[in-house]
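Worksheet: one structure, shown below.
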Amino acid sequence: TSTHTVTASAMVGVTLKKKTYKVTFESEEGTPPPAEQDVLYQNKAAEPSPQPAKAGHSLAGWYNRKDNARWNFATGTVTEDTTLYAKWHYPVTFKIEGEKGSLNAKADGIPETTASPIAVEPGTTVEFTAVPADGYEVDRWIVNGIDVLGHTAETYSCPITAQTQV
């Protein structure tokens, strides 16, 4: 607050400027951690470049700490100090040995696909379905190079707790 005594005719003016807010990025152990950004009110934050990397993970996106919603850098505008955090997924690769059929995978939010890899949140269970070619059957399931003993059904449920290869 400023006070000024006017003793004659006076013109009083003021200039206004947009507020600047901080956008902070929490890389959740990804490196390199992105730099903080100063962003004007209702302007857009820039997507970090380079994006951080984390061994055995894929970056699923940046999420707003306030409401846990995925941040859209193309449309999201900053109206307050904002903290965005990296959400990491585990890549899951899968294949069937040889040309003797196909292998499908599906999980919450991921429709059934034969396209490997898929990326899932930690703790997700992926449902695999082997579709053997005529004259073939499932001999064994192998997860991260280790046989799943006694499992020869055409379906297999695999809880994902790390980068996984089936």
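Sequential numbering from 1 along the given sequence is applied to the chain's residues. For the numbers below, each heavy atom of this structure counts, side chains included, while hydrogens, waters and symmetry mates do not.
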Is there a donor-acceptor contact under 3.5 Å from the side chain of His151 to the main chain of Leu149?
no

In short, Lys22 meets Asp38 closest at the heavy-atom pair NZ-OD1, 2.6 Å

Closest approach of Ala119 to Ile110 (non-hydrogen atoms, all atoms of both residues):
O-CD1, 3.4 Å

Nearest heavy-atom contact between Ser116 and Val92 is OG-O, 4.2 Å

Might you work through the side chain to side chain contact (heavy atoms under 4.5 Å, CB included) test for Thr93 and Thr164, ending with a clear yes or no?
CA-CA 6 Å; Thr93 57; Thr164 303; over 6 Å; no

Please walk me through it: do Val126 and Ile118 pass side chain to side chain contact (heavy atoms under 4.5 Å, CB included)?
CA-CA 10 Å; Val126 177; Ile118 59 174; 4.1 Å; yes

Can you pull out every salt bridge (charged side-chain N to carboxylate O under 4.0 Å, His left out) where at least one residue sits in residues 145-166? Sequence neighbours excluded, please.
Arg140-Asp147

When you compare the side chain of Ser27 with that of Pro34, does any pair of heavy atoms fall below 4.5 Å?
yes

Atom of Pro32, atom of Gln51 and distance for their closest heavy-atom approach
CD-O, 4.4 Å

Does Ile160 share a hydrophobic cluster with Trp88, counting links as ILVMFWY side-chain heavy atoms below 4.5 Å and allowing steps through other members?
no

Closest heavy-atom contact between Pro91 and Gly56?
CD-O, 3.4 Å

Between Ser157 and Glu127: side-chain donor-acceptor atoms closer than 3.5 Å:
yes

Salt-bridge contact Glu80-Arg65 (side-chain N to carboxylate O under 4.0 Å)
no

Donor-acceptor pair, distance only, cut-off 3.5 Å: does the side chain of Lys54 make one with the backbone of Thr31?
no

Run the numbers on Thr155 and Phe128 for side chain to side chain contact (heavy atoms under 4.5 Å, CB included), then give the verdict.
CA-CA 6 Å; Thr155 60; Phe128 293 97; over 6 Å; no

Min side-chain heavy-atom separation Lys66-Thr82 under 4.5 Å
no

Determine, stepwise, if the pair Tyr41 / Thr79 fulfils side chain to side chain contact (heavy atoms under 4.5 Å, CB included).
CA-CA 5 Å; Tyr41 174 75; Thr79 58; 4.0 Å; yes

In terms of hydrophobic clusters joined by side-chain contacts under 4.5 Å, are Ile142 and Tyr136 together?
no

What pair of heavy atoms forms the shortest contact from Leu103 to Lys95, and how long is it?
CD2-O, 3.4 Å

What pairs with Phe25 under ring-ring contact (aromatic ring centres under 6.0 Å, His included), at least two apart in sequence or on another chain?
Trp62

Quick one, Pro122 and Thr161 - any side-chain contact, counting heavy atoms below 4.5 Å?
no

Co-membership, hydrophobic cluster, residues Leu59 and Leu84, 4.5 Å side-chain:
yes

Give the C-alpha distance, both sets of side-chain angles, the deciding distance and a yes or no for side-chain hydrogen bond (donor to acceptor under 3.5 Å, both in side chains) between Gln42 and Thr77.
CA-CA 5 Å; Gln42 290 189 330; Thr77 59; 5.7 Å; no

Is there a side-chain contact between Pro48 and Phe73 in this structure, where contact means two heavy atoms from C-beta onward sitting under 4.5 Å apart?
yes

Test the Lys87-Tyr63 pair against the cation-pi criterion, namely NZ or CZ under 6.0 angstrom from the six-membered ring centroid and within 45° of the ring axis.
yes

Side-chain heavy atoms under 4.5 angstrom apart, residues restricted to Ile, Leu, Val, Met, Phe, Trp, Tyr: same cluster for Val120 and Tyr156?
yes

Mind checking whether Val138 and Ile96 sit in one hydrophobic cluster, side chains of I, L, V, M, F, W, Y counted as touching below 4.5 Å?
yes

